[in-house]
Amino acid sequence: MRNSMQSILGILTGTAIAATTMLGVAVAKPGNTECIAPAGAGGGWDFTCRVPAAQVMGDMGLIDGTMAVTNMSGAGGGKAYAHVVTKRGDDENLIVAASMATAARLGQNVYSGFKASDVRWVGALGADYGAIAVHKDSQFKTLGDLVTAMKDNPRRTAIVGGSSAGGWDHLKVLIVADKAGISDLKAINYISFDNGGTAMLEILSKRADAFTGDISELVEYDKQGNIRILAILAPDRISAVPSAKTAKEQGYDVIGANWRGFYVPKNISAARYNEWVDIVTKVANSSQWADLSAKNGLAPFTSFGKDFENFVGGQIGKVAQISNDLGFMK
Amino acid sequence: MLPGIGPVNAIAVLFPIVYTLEVPPATVMILFAGIYYGSQYGNSISSILLNVPGTSAAAVTTIDGYAMAKKGLGGKALAMSAIASFIGGTLSIFFLAFFAPKLAELAINFGPAEYTVLMVFAFIALSSFSQGSLPKAIISAFLGLAIAAIGIDSTTGVSRLTFGMMELYDGIDFIVVVIGFFAVSEILIMLGQKEGKQSQMQPLTSLWITFKEITESLATSLRSCFSGFLIGVLPGAGGTIASFIAYATEKKILRPNQFGSGDIRGVAAPESANNSASVGSFIPLLILGVPGSETTAVMLGGLISFGIKPGPLLLETSPDVFWGLAASMFIGNLFLIILNLPLVGLFAKILQTPRWILMSLITMLCVVGAYTINGSEFDVLLILIFGLVGYFLRRADFPLAPLILGVVLGDLIETNFRRAMIYSGGDIVIFFESNICLTLWVLALVSLFAPTLINSIQKKVHSQ
Amino acid sequence: MKSWGEGGADRLSAFIILGFGLAYGYAGKFIQVGFYNGDIGPHHWIFMVASVLVLLGFGLVLRPTQHQFEMENWEDWRMRLPLVGVIIIYSVILPYTGFLGAMIVMMIVVAKLFGANWKQATLCSVTLSLLCLLLFDHLLGISLGRGLWLK
């Protein structure tokens, strides 16, 4: 009894204090647009929400007010996917960051049975090529060194990445290993983290041996000289990381392109869907984005609306095939 | 007293509102901290005037506080409690601002193995310090882990134990768990209690406190603040132990004294220590991601659902949350003392509201709170189920704090455990390799044996 | 360290925990395990949690802790069952009646259970429900369940 009274006193005083202290802190308006980054701060999805969505859309005045960014990590984007499909199906003000990794998980059918058709695909506004990096003091100097270690001592060669086990970051390593003739791909020691940022910490602290991710996740660390990029999985060298060699140069013909884009809930109105497509198209074609994307190591790549939905469908089919070929899809 | 609809439930009920409103996380944290603070002060009012401590942390305040109220000095005791709380709360914020960045420097050394052991330590500490037997506390923690595992597996993305129910894919929201296990079970318990004899409410007398009385108890407040902070930093210990220890220490140091029969310093010591401990408990919460009490466990869950991971990286990734909180606690303290002293009469009146109004209001807030999280009736049914389970667990003497911790940390401890195991190639030795791990294991062992020590201190306080 | 205790009367709860642990572990067997590496898959954690519950439950059956267990006063459930019932009714009728109707019904019952008379209960439930609707739906813009006719 007395307890309940305290709770009321608590609410009263608490609200009063909060009300006064809130004046000093930013106050959000309700009903604003929201972007869900299906991973923690610091990775590629987070970037997709914060830069092209919240920043550029805001600067260009394409949305009212500011866009809130929510980080929802878990299951390589699966948690957010399930959340959007089951709980937010008709939220008109919501967009969600997506990438090749999302398509990869859908292709392997590991989003708890959810399909690509459970959401609507808005568009892509850039591509991020894969990269493999190590600590600057690492014993591995070239991609070849790492591949040899993976061959000889797979259990003790820890490779970290931001996607979940079997996800896109994992797949890229497996494709390289496959090209190098390693047969026991299941023995490769891949450890999944919430996003590229936390995975990178494992490299900086020297707990892990190698990092698999995307170039945009490495640009800053490369500039500071904390890491060595062993290979980028791009057709040519990229200006944001000029010294990094491509895998192809080192004899492994692997290209891993990770497009970055958005999806929205399925049951929003057609008018609103078209509005979102329009907004993303405008962002993708803006000079501000062209500048920002190049700085962050993204290569130009765009696709919108209906075309994009077909493109994602195609990507999903491709991943399903690769996963089958590598032998870990049931 | 039963742990129950105190600050935990206030936070649980308000949480869905702020979540839907998309209030920035820093503000939310400040709001929670405000509730935590406010209800602590609310506790001291009922402790002093009614001899009823709302939580175990306020139990010591009743000894001298109620004795003073019986002498007609209730107002003085309340004023002292506010001033001592202010001193304890404010000073400890400076400790917080000083220590937190130092602890954060350890951040980079925390890998999956260290996190796993850290969380194991948190479980052991909380289980060991909560009421009831140790095996029951551990069972409670594992029931929490069992609930947390429902939904999508973070590492591989497969769904677990959802039985094909869409509502479960996303997992069970921890707020639903908190409202069910704490609030609904509390309502069920109250329904069984006949309106018992009300303790005699002592009249509220003049709040006027002399400058001499403040200076006399200043040393007590300062000492208690310091010891309270140190105890608050230990996960699992928290305000109860801090207030007991501060009271016992002051009783030893101060000679002559009238502790037990209405000494004003007997109010100052536990109040200062208690408040300082609650500030201290924000260190393990924010810097290590390990809550030290039920309330901070609920706050942790709140932060996680906002996408903020409390932990060594918090100062780097969300400095606004950390420093906003520290600043607001300072303002909050000031605010409490300015606002509460004149309003104390009003609060004392609220304590006399008829019980059926309060209980109806609380029931409504529970149901509304559960519904607004996802806008789903399913969650309303869930709080009922959890409430019934929680009722029987409480009847059977299972502490519920470890269960909440299990729900909040379940996903984190599992993923980190699995990561560490992959690192080591399945070798469990990884949890004993680094110095951090070993230190944490030692701390865990210490906390396992600490309750015996604390018990003897408490016995001393009561027997003397 | 706290003692494991001896004697007592909570074997029943121990059996329930034991049973829950077994059921939980059994349910874990039906998880559709996909690809995983490092020898620990999504189902192993479930098995671990289940086995600890089973072990501790078993331990508690053998050595129940010593505590004064008051017999459950089943009379009190004449007060509690209506509460349980009214919450179930609330969640069932909410989609049809909307928040206001369902909440007023629930609150009248709750206030009655806590000793109010009819007049007090009705007044209290109508006022609080209206206040709540005003606060959430109108001021904060959070829907509390609109019901059939407001869709």
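Note: hydrogens, waters and symmetry copies are ignored here, and every other heavy atom, side chains too, is used. Naming convention: chains lettered A, B, ... in sequence-line order (proteins, then strands); numbering from 1 in each chain.
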Testing C:Leu128, C:Leu113, C:Val110 for side-chain contact (heavy atoms from CB on, under 4.5 Å) with B:Thr363, which one passes?
-> C:Val110
Compare every heavy atom of B:Trp356 with every heavy atom of C:Phe114, then report the nearest pair and how far apart it is.
-> O-CB, 3.5 Å
Should the heavy atoms of other residues, nucleotides or ligands under 6.0 Å from CZ of C:Phe47 be counted, would the total exceed 12?
-> yes
Identify the two heavy atoms, one from B:Ala146 and one from C:Tyr24, that lie closest to each other, and give their separation to 0.1 Å.
-> O-OH, 2.6 Å
Enter the distance from B:Leu188:CG to C:Trp77:CH2 here, rounded to the nearest 0.5 Å.
-> 5.5 Å
Partner set under ring-ring contact (aromatic ring centres under 6.0 Å, His included) for B:Phe386, not counting sequence neighbours = B:Phe181
Let me know if C:Val52 has heavy atoms under 4.5 Å from chain B in its side chain, its backbone, both or neither.
-> side chain
Chain B contact via C:Phe30 - side chain, backbone, both or neither, heavy atoms under 4.5 Å | neither
Measure B:Leu384 against the heavy atoms of chain C and call it side chain, backbone, both or neither at under 4.5 Å.
-> side chain
C:Ile87 vs B:Val380, side-chain contact (heavy atoms from CB on, under 4.5 Å): CA-CA, chis, key distance, verdict = CA-CA 8 Å; C:Ile87 294 180; B:Val380 178; 3.8 Å; yes
From B:Phe392 CZ over to C:Leu12 CG, what is the distance, rounded to the nearest 0.5 angstrom?
-> 9.5 Å
Is the CD1 atom of B:Ile428 crowded by more than 12 outside heavy atoms at less than 6.0 Å?
-> no
Applying a strict 4.5 Å limit to non-hydrogen atoms, the region of B:Phe163 in contact with chain C is side chain
Closest approach of C:Gly28 to B:Leu161 (non-hydrogen atoms, all atoms of both residues) = N-CD2, 3.9 Å
Taking every non-hydrogen atom, the tightest pair across C:Cys132 and B:Met364 = CB-CE, 3.5 Å
Residues passing the ring-ring contact (aromatic ring centres under 6.0 Å, His included) test with B:Phe417, sequence neighbours excluded, are B:Phe431, C:Trp45
Looking only at C:Leu55, C:Leu131, C:Val49, most heavy-atom pairs under 4.5 Å shared with chain B are made by C:Val49
Roughly how far, to the nearest 0.5 Å, is the OG atom of B:Ser140 from the CG atom of C:Leu56?
-> 11.5 Å
Pick from B:Val367, B:Asp379, B:Ile357, B:Leu145 with the largest number of heavy-atom pairs that fall under 4.5 Å of chain C | B:Val367
Minimum heavy-atom distance B:Ile189-C:Arg80, with the two atoms named | O-NH2, 3.8 Å
Would B:Leu143 and C:Phe20 count as a side-chain contact (heavy atoms from CB on, under 4.5 Å) if you check the C-alpha gap in whole Å, the side-chain angles of each, and the deciding distance to 0.1 Å?
-> CA-CA 9 Å; B:Leu143 285 177; C:Phe20 175 77; 3.6 Å; yes
Do you know the tightest heavy-atom contact between C:Met107 and B:Ser360?
-> SD-O, 3.4 Å
Side chain from CB out, backbone as N, CA, C, O: work out which of these in B:Tyr371 comes under 4.5 Å of a heavy atom of chain C, or both, or neither.
-> side chain
Top residue by heavy-atom pair count (under 4.5 Å) with chain B, among C:Lys112, C:Met48, C:Arg78, C:Met103?
-> C:Met103
Can you tell me how far the CG atom of B:Leu191 sits from the CG atom of C:Leu83, to the nearest 0.5 Å?
-> 5.5 Å
